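Only a predicted model underlies this, so the values are computations on that prediction, with no experimental measurement involved. Start at 1 and go down the list; that is how both ligands and their atoms are numbered.
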Amino acid sequence: MGLLQAGASPELCEEIVALGLPLWNELPEGAAHYLCWQNERLELVTIGEKGTVAVDFVGGAAAHRRQFGGGRGQPVAKAVGIKGEYVPRVLDATAGLGRDAFVLASLGCEVTLIERSPVAVALLLDGLRRAQADAAIGKIVGRMRLVFGDGHQELAKFLAGQGVIYLFNPPLASPEFDVVFLDPMFPDPTKRAKSKKEMAAFQTVIGDDPDANDLLFPARQMAKKRVIVKRPRIAPVMAGVKPDFVFGGESTRFDGYLPLSRG
Ligand SMILES: C[S@@+](CC[C@H](N)C(=O)[O-])C[C@H]1O[C@@H](n2cnc3c(N)ncnc32)[C@H](O)[C@@H]1O
């Protein structure tokens with residue numbers, strides 16, 4: 001997976017290389033997917049597919065959900081515990097394309113996103129920057145921070161009080177999190193919510209997250225109030241650990257775990 005260079009700015013090329021991805025002048029033989037700059041944004045293209053994947057916080061599905069998605073009544077908002085004056089500080093340790101994080105930020109949460117896939121990070125960064133330029137949405141993404149790295153390692157750094165490197169927005173003065181949110185890829189496609197063709201391509205590029213269970217313990221040490229694990233409705237619980245509470249959604253379940261001591 002790499003960036004097809006035609007049309008991309010030198011800054012974008014530099015950033016892609018810094019994320020560890022190659023630049024391509026032409027598609028290598030056998031490539032099934034590639035990143036490219038088109039329609040004034042970074043897009044993930046799948047050869048032979050019309051639809052592409054890009055992060056758009058200003059228009060499309062994100063705008064629709066922000067206006068008509070049910071606000072604080074949405075299961076994800078209830079799951080993280082938004083209520084009255086209380087808006088939790090959230091650490092989303094499996095950020096993906098930032099859709100859940102954006103919903104929470106649009107409801108007032110400060111959200112720190114960790115993502116380890118360079119492809120997802122490149123798409124996210126591009127979407128966050130374009131959103132920054134929009135007067136209304138700029139305020140929302142002003143509450144979002146992005147860290148490129150593995151959730152296990154970045155959680156360990158936060159727990160040890162070590163610094164982490166932010167690619168978007170300055171660090172929080174004190175990185176304390178009320179909620180740690182986990183939504184790793186679920187390995188069994190028969191239990192996953194049906195996704196559009198383009199999103200299926202994203203899942204193919206990112207791959208499964210076979211180490212997902214290992215995130216639960218450090219997440220429970222990190223969270224001051226709760227850990228929320230997003231799962232397909234009929235999927236088994238994470239790491240075989242029974243949740244302390246559950247919020248049901250239509251096709252999705254939010255399993256809640258109480259914090260564990262750091263000692
Ligand atoms: C199902 S997607 C998350 C979707 C996201 N909630 C959204 O709203 O767009 C799972 C993402 O978690 C990332 N991920 C899984 N395990 C991770 C880990 N240990 N550290 C960082 N990212 C991880 C994957 O790379 C993938 O992009």
Side-chain angles (χ1 to χ4, degrees), residues 1 19-21 33 35 44 53-57 60-62 65-66 69 74-77 79-80 90-107 109 111-128 131 140-141 144-159 164-167 179-189 191-196 198-219 222 227-233 235 238-239 249 251-255:
M1 164 59 66
L19 290 173
L21 293 169
H33 310 273
L35 288 167
L44 170 65
V53 177
V55 172
D56 181 7
F57 293 128
R65 188 165 176 191
R66 195 169 56 83
Q74 295 174 76
V76 67
V80 299
V90 178
L91 178 63
D92 180 348
T94 56
L97 296 176
R99 291 158 301 183
D100 290 311
F102 180 74
V103 168
L104 295 175
S106 64
L107 297 174
C109 299
V111 189
T112 299
L113 297 84
I114 304 176
E115 174 55 52
R116 68 178 168 189
S117 153
V119 173
V121 167
L123 293 168
L124 254 178
L125 254 181
D126 174 57
L128 286 166
I140 298 174
V141 299
M144 296 168 74
R145 287 165 188 79
L146 176 61
V147 174
F148 172 39
D150 183 89
H152 305 98
Q153 287 165 18
E154 302 305 318
L155 271 166
K157 288 185 204 163
F158 278 125
L159 283 165
V164 305
I165 297 171
Y166 294 81
L167 298 188
V179 176
V180 178
F181 186 83
L182 302 175
D183 175 24
M185 293 287 186
F186 192 72
D188 181 351
K191 294 204 173 65
R192 270 187 205 151
K194 278 212 180 76
S195 52
K196 282 194 187 154
E198 307 90 72
M199 287 317 294
F202 175 71
Q203 288 173 359
T204 309
V205 170
I206 304 296
D208 285 337
D209 297 319
D211 53 351
N213 285 345
D214 303 345
L215 285 169
L216 186 59
F217 183 71
M222 186 76 230
V227 173
I228 294 298
V229 180
K230 184 175 173 184
R231 308 290 271 174
R233 192 175 54 82
M238 185 178 257
S251 56
T252 309
R253 207 178 70 222
F254 295 92
D255 292 346

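Around the CD1 atom of Ile165, the shell of radius 6.0 Å holds no more than 12 heavy atoms that belong to other residues, nucleotides or ligands.
Put simply, the side chain of Leu91 reaches to within 4.5 Å of the side chain of Phe158, judged on heavy atoms. Using a 4.5 Å cut-off on side-chain heavy atoms (C-beta onward), Met185 and Ile206 make contact.
Checking side-chain atoms of Glu115 against main-chain N and O of Ser117 turns up a donor-acceptor pair under 3.5 Å.
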Pairs under 3.5 Å, N/O atoms on ligand 1 and on the protein: can you put them in a table with the distances?
unit_1	atom_1	unit_2	atom_2	d
ligand 1	6 (N)	Asp100	OD2	2.8
ligand 1	6 (N)	Asp183	OD2	2.8
ligand 1	8 (O)	Arg99	N	3.2
ligand 1	8 (O)	Asp100	N	2.8
ligand 1	8 (O)	Asp100	OD2	3.0
ligand 1	9 (O)	Leu97	N	3.1
ligand 1	9 (O)	Gly98	N	3.3
ligand 1	9 (O)	Arg99	N	3.3
ligand 1	9 (O)	Arg99	NE	3.0
ligand 1	9 (O)	Arg99	NH2	3.1
ligand 1	16 (N)	Arg116	NH2	3.3
ligand 1	19 (N)	Arg116	NH1	3.4
ligand 1	20 (N)	Gly151	N	2.6
ligand 1	22 (N)	Arg116	N	3.3
ligand 1	25 (O)	Glu115	OE2	2.6
ligand 1	27 (O)	Glu115	OE1	2.9
ligand 1	27 (O)	Glu115	OE2	3.1

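Residues passing the ring-ring contact (aromatic ring centres under 6.0 Å, His included) test with Phe102 are Phe57, sequence neighbours excluded.
A distance of 4.0 Å separates CG of Asp211 from CZ of Arg116, quoted to the nearest 0.5 Å.
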